[in-house]
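Okay, structure first, notes after.
Keep in mind that the numbers below use all heavy atoms, side chains included, and drop hydrogens, waters and symmetry copies. Below, read A as the first sequence line, B as the second, and so on, with proteins coming before strands; counting in each chain starts at 1.
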Amino acid sequence: MAAVAHDAHGHHDDHGHHEESFVSKYIFSQDHKMISKQFLMTAVFMGVVAMLLSILFRIQLAWPGESSDFLSFFLGDQWAPGGVLSEDMYLGLVTIHGTIMVFFLLTGGLSGTFSNLLIPYQLGARDMASGFLNMLSYWFFFISSGLMFISLFIETGPAMAGWTIYPPLSALPQAISGSGLGMTLWLASMTIFIASSLIGSLNYIVTVLNLRTKGMSMTRMPLTIWAFFVTAILGVLSFPVLLSAALLLMMDRLAGTSFYLSDIIVQGEMLTNHGGSPILYQHLFWFLGHPEVYIVLLPALGLSSEVISTNARKPIFGYRAMIGSILAIGFLSFIVWAHHMFVTGMNPFLGSVFVFTTLLIAIPSAVKVFNYITTLWKGSIVFTPAMLFAIGLVSTFITGGVTGIILADAALDITTHDTYFVVAHFHVVMGLSAVFGMFAGVYHWFPKMYGKMMNKKLGYMHFWITIVGAYGVFFPMHFVGLAGAPRRYYDYSVYGDNDIDSYTQMMDLNVIITVFAIIAALGQLLFLFNFFYSIFRGPASPQNPWKSNTLEWTTPVEHIHGNWPGELPTVHRWPYDYSKPGAEEDFIPQTVPLAEGEEEH
Amino acid sequence: MVTKLIILLVIVLGVVAAAQLMRLYELSAKMRKEGEHDISRRDNRLNAGLMLAFMIVLFGGFIWLMVQYGWVGRGEAASVHGHELDWLLNLNFVIVIAVFFLCNFLLFFYAWKYVKKPGVPAYYFPHDNKLEMVWTVIPAIVLAVIIIFGLRSWNSVTDQAPDDAVVVELFSKQFDWTARYSGEDNKLGKFDYKLTEDAKNELALMTTESIQEAIDSMQMGLKGIDNLESQLNDRHIMLTPEDRDAKRKDLGNKEKLIRLLHQMKAKHDSKIDKQALDDFIVKDTLYLCKGQEYEFNFRSKDVIHSAYFPHFRAQMNTVPGQTTRFKFTPDKTTTEMRESRGVENFNYVLYCNKICGGSHYKMKMIIVVLEKDAYDAWAAVKMNGVKNADGTYATVPAIFDAIQHPEKYPTAAPAAPEDPSEGETEEAEGGEAVEPVEPEVAALEPENAE
Ligand code: HEM
Ligand SMILES: [Cu+2]
Ligand SMILES: [Cu+2]
């Protein structure tokens, strides 16, 4: 058997001997399935850290200046003297929270886990194009996660300039303590992270283009793969720009150059830098930064397309329109970046152009939403935990998307920019949607990853607590922003002296938000328990637990090198033949040839 | 330590207990022959019901928040363009909220309605070009409307200010604001950061005199080049290697800077001095005149800040190395706003809205909008000072010149050199520190006040 399997793929002929050493199997593995699990584990760890950080600073926001044992337990005397969070560390926590969530959980974690798992599986490939690069990509990710984590524990504190690390604040250690060693570690970590992401993305692109099995044309690929594919392209085109932004910043910090610095006096010290522009940094940063939100979002949308179609037992509505929207979103995401910079003093005409392009993105996004909803219409919906999260994703994508329309309107952004309205908007549309997509992915493909089933009852409880908690946190946050609250403020009591109405509104809501945040965070314990318990003791999974069409469910439950024991499967149809009239069952796997007289969709 | 141990113990016990419960659950599932991938009818119906229930809670929560707080938590606008922007915000919110309700309703409603029912297969419906066309075109039309209205406001708000707008500079640094009024000529004097002298010339204004002083202090001041050189060359002074390095670096920088200052001096045209000399500087409180259009110029000394005026619906970043601008016309005095809000101690505030360091959140400035008479009186005092009968000053003119040379203005009483009107406002209402609404111009020039 095994020998037949490998005839086509020369580089796989080491599968014959199955006694691999522990190190090559579990640590320096080159197998996409193991690497995917490694990404997931690292992401879960980083996600828990980032969530904990958010709880720490939320306590300060809800009860400013009150002593808390919880804070002193985690932060000690240096950063929470007397149990009250210090001003600098507040910003440090916010910064690392944002960085980890965006880059480590939802970029590295989400793409890393599911691109690795599903690209070879759903395309019918034995593995990634390059197993070695794939391994390298994970270990770079691991090292960068480690550096970012360690930066929380150093004497001068972690980076504190916000996840966007705008210079000059991030360039001048005199300006804030986190801009010393902490920022150096941040930059080092992100540089390695970018390397990891680039290696990974190139690998994904090559795999999708070259290793599709027989019959798997581009227009028969599941939407998951389309999403990962476009995501990888976005990453390859935009991350190098972030790298250049980071390198120039590094030079300004270490080599005395003036890319971003001009005419500065800080802490009484007159710097000689002249001629640089901090706005240049913002352009470079957001040239990555905006595609980045789609790098986070598209994989989540891809996963949920698959989950929704499978569990509605219906083909995804408008398959080609969905591909079209993914491509349109991908393209447009490169020409909207300056909507983050309407009030930097840039040319107002330029601003108008970016208003236009930004609002254009709403169209493909709306198409996606309508298509999801139509997929549910007249379906036969099975509520697996994954399905719940996928529906949650569509809801948060709607709710967060519509507030984006307000922020994209430059005239309205004048007063909402950098307020909590923005924080609420991006958490809902990017944070929650992507996290829900990721949970949907984990619940749906857990059987494929670990050969075990997760507990569905705990999954239900996890979902309902999470969505209530999540909306409970971020819905009121819009109103905090509409009361005028700027973001990255340590204490909103400053409003109390002069504007009691706004102040009352902010403080009331801040307490509600923090309470929901704590509930949501505790809810995640259910997930963690379910996840780890099921890895070790969960009931065994059947081969195709969700009665799904895609190729990964034709592989054996037990992981083997090369994925399929015999020949690679041949694909005869698109992946969404659910409830096709005339068929016996309500699903027809992609490997089933078209019946006599049957039309492809 | 003990508490930490106890916490650890509780966590471990909790996990063990949960694991036991799971075993029990699994045993019973096995007896029912139900796997984790079999979603029973009960599970489906339960979750479908919860979908509907959740939708109601979500909508209910939203409506409650709207009723309680509305989308204008900042209160009514206090500037001319602010009313226009609020109108635009309302328009956008109406559209957006309708979409929010509609889409979320369809989503949760269908999720509830089309839950799996035995014997009812799903409807095979892969695509429909007409439908897809419709929902591409409709959003496009709605967005076109939003774009047109949005850009119309954007263009008028960001347009050049007319010539009769009063030019005021807002200068930001960690962690406060300083305002510079352009004075009689309505022109802000030139500046260069190299001229900054903390006590004397904080805003680095450029005059023949200030250039000379900057050169002198860089050359001969306490931390000037001469001193640094002698310290570095004096064998009797013990310096740690770090100290020595720091001083060398400092010296190198200063030598570079002083060369530039000499060039500046050579190029400087003393005719423009008076543009700077009639400017006057105000801290803590920014006084504005109702109905007057202002052209604000923004500067930063150190990092990026953002001048955020929530009540005037205005915001602009301040960027080191460049000047940014924004214009607006206040149209409600502080007193009027207090009355219409029914809040006695309400004040307009200028906040910082770009992360700028640990005390970012404290960086603010009170803004007071006055009627024209009161404002003019205040400005006149600022510009010219008030003289006593004997020719001494009761209040020195707070012009740039005065900051450098207070001795030119003999005062009867020991007046604070910086900003005398500040002191007096303190007494205005019950000695509260921040109560600047009626600067006591009345006491100074009674004929100007109501
Ligand atoms: C437990 C759930 C979460 C809570 C309670 C929470 C809360 C917050 C709060 C209050 C801020 C500070 C905003 C500010 O002052 O500017 C913040 C910042 C941020 N959060 Fe979250 N968040 C959560 C989850 C997430 C997730 C899932 C993401 C993923 C996208 C995320 C990404 C960010 C980012 C990018 C920032 C900006 C950091 C910065 O300003 O530098 N958060 N979060
Ligand atoms: Cu963007
Ligand atoms: Cu600031």
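- The greatest number of non-hydrogen atom pairs below 4.5 Å with chain A, out of B:C103, B:G82, B:C356, B:P139, is found for B:C103.
- Counting heavy-atom pairs closer than 4.5 Å to chain A, the top-ranked of the candidates B:L107, B:V99, B:N92 is B:L107.
- Both the backbone and the side chain of A:M270 have a heavy atom closer than 4.5 Å to some heavy atom of chain B.
- Residues passing the salt bridge (charged side-chain N to carboxylate O under 4.0 Å, His left out) test with B:K254, sequence neighbours excluded: B:D250.
- Under 4.0 Å is where a charged nitrogen must lie from a carboxylate oxygen, and between B:R74 and A:D499 no such pair does.
- Both the backbone and the side chain of B:A18 have a heavy atom closer than 4.5 Å to some heavy atom of chain A.
- Taking the six-membered ring wherever Trp is involved, the centroid distance between the rings of B:F62 and A:F475 falls below 6.0 Å.
- Here salt bridge (Lys or Arg N to Asp or Glu O under 4.0 Å) pairs that include residues 118-129 of chain B, with residues two or more places apart or in two chains, number zero.
- Listed options A:D88, A:N371, A:D586, A:L525 were ranked by heavy-atom pairs under 4.5 angstrom with chain B; first place goes to A:N371.
- The candidate from A:I500, A:V266, A:V382, A:I176 with the greatest count of non-hydrogen atom pairs under 4.5 Å with chain B is A:V382.
- Contact tally against chain B (heavy-atom pairs below 4.5 Å) for A:G345, A:P315, A:S179: the top residue is A:P315.
- Of the listed residues B:E132, B:E84, B:K256, the one with more heavy-atom pairs under 4.5 angstrom with chain A than any other is B:E132.
- Chain A forms the most heavy-atom pairs under 4.5 Å with one residue out of B:T324, B:L89, B:L106, and that residue is B:L89.
- Of all the listed residues (B:F100, B:F93, B:F125, B:F298), the one sharing the greatest number of non-hydrogen pairs under 4.5 Å with chain A is B:F125.
- Residues A:Y492 and A:Y490 keep their aromatic ring centres 6.0 Å or farther apart.
- Within the 4.5 angstrom heavy-atom criterion, atoms from both the backbone and the side chain of B:K301 approach chain A.
- Of the listed residues (A:V394, A:N455, A:L458), the one with the most heavy-atom contacts under 4.5 Å to chain B is A:N455.
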